[in-house]
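Each remark here refers to the structure printed beneath this line.
Reckoned from all heavy atoms, side chains included, excluding hydrogens, waters and symmetry mates.
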Amino acid sequence: MEQAFWVQSPGSGELREERLPAPGPDDVLVRTLYSGVSRGTETLVFRGGVPASQHDVMRAPFQEGEFPGPVKYGYLNVGVVEQGPAHLEGKTVFCLYPHQTAYVVPATAVTPVPDSVPPGRAILAGTVETAVNAVWDARPRLGDRIAVIGAGMVGCSVAKLLTGFPAARVQLIDVDPAKADIAAALGVEFSSPEKALGDCDLVVHASASEAGLTRALELLAPEGEVVEMSWYGDRPVSVPLGENFHSRRLVIRSSQVGTVARPDRSYAQRLAVALDLLADPAFEALVSAECTFKDLPSVLPRLAANELSALCLRVMYQPQ
């Protein structure tokens, strides 16, 4: 009998026993090594903060139950294939599966992790995939002046990828000065919103705050563009479209991982790009806390209450 983490009700989680179905010829049985908790989305789910109008949009691929609970939710899982097609048996794989000791899914739902990527780092694949999509949406150019506002998991990942563009000036901006250490580990210049460099050709906004979006528009050069990655749920957001917004010909466009931003790439190809990028050990800076699977019900309330500071919480599973 396996175990899974469920949000029983807002603010309360528990481990439940799970009986697995017998794998079919096109399925894989995966034994989990690590899973990841994305601070923003999963603590929102844990607190019961998903608006009713967004229940369908927020569903994870292998979610069970319904918001606000009981619900089994999660999408950053790395494990080893114990049973399945010959080309996958024994392979370490990534899957958009919740926190569970083992699971059965179609073989097409898992992606092999490259040998160059440690399994514990591969839990970041879903986050880096979102960042890849944002960069494809943003279409940075040689020598662009770029700002990324919001040093969460996604914002940090986007800044890391954009720093690799030749001759580009990239700043990662956040109200929390402690994020400067993470930026340094990623090799990205850090700034507070007040001291950020302006005259930007491109600003990627990922702070999910009205103030962050306002600052993004302020930092743009004429003809500049904001790529908006934040999800506000059902919150109304005031955007300053008066004053010189039109005379400066500014642009705001959305980026969301649900659609692949390049028509010549598939979902599988985008995820494969993200996993290849995770060979860079700098991404390890995004994992800032760890716990065991059995301790997850007691740790997640602390994360949701901001008693525990972590971008990504890595959950470790005991060998069976």
query: After noting the C-alpha distance and the side-chain angles of Q3 and T101, does the key distance pass the side-chain hydrogen bond (donor to acceptor under 3.5 Å, both in side chains) rule?
result: CA-CA 6 Å; Q3 287 189 310; T101 54; over 6 Å; no
message: P112 and side chain to side chain contact (heavy atoms under 4.5 Å, CB included): which single residue from L88, T92, L275 fits?
response: L88
- prompt: Do V57 and Y73 belong to the same hydrophobic cluster, where Ile, Leu, Val, Met, Phe, Trp and Tyr are linked whenever their side-chain heavy atoms lie under 4.5 Å apart, directly or via other members?
  reply: no
message: Looking at R249, I'd like to know if its CZ atom is crowded, meaning that more than 12 non-hydrogen atoms belonging to other residues, nucleotides or ligands lie closer than 6.0 Å.
response: no
- request: Answer yes or no: does atom CZ of R262 have more than 12 heavy-atom neighbours from other residues, nucleotides or ligands under 6.0 Å?
  value: yes
query: In terms of side-chain geometry, is the basic nitrogen of E18 or R16 positioned less than 4.0 Å from the acidic oxygen of its partner?
result: no
message: Suppose we screen for ring-ring contact (aromatic ring centres under 6.0 Å, His included). Which residues come up paired with Y97, at least two apart in sequence or across chains?
response: F62, Y103
- prompt: How long is the gap from NE2 on H205 to CZ on R215, to the nearest 0.5 Å?
  reply: 12.0 Å
message: Let's go through R248 and E243 carefully: what are the C-alpha distance in whole Å and the side-chain angles of both, what is the deciding distance for salt bridge (Lys or Arg N to Asp or Glu O under 4.0 Å) to 0.1 Å, and is it a yes or a no?
response: CA-CA 10 Å; R248 295 169 65 212; E243 299 182 1; over 6 Å; no
message: Check for me, please, whether L96 and I123 land in the same ILVMFWY cluster - side-chain distances under 4.5 Å, paths through other members count.
response: yes
message: For P240, give me all partners under side-chain contact (heavy atoms from CB on, under 4.5 Å), at least two apart in sequence or on another chain.
response: T214, L217
- request: Could you tell me whether a side-chain N or O of R253 sits under 3.5 Å from a main-chain N or O of E225, the two making a donor and an acceptor?
  value: no
- request: Examine the side chains of N244 and S247 and answer whether a donor and an acceptor come within less than 3.5 Å of each other.
  value: no
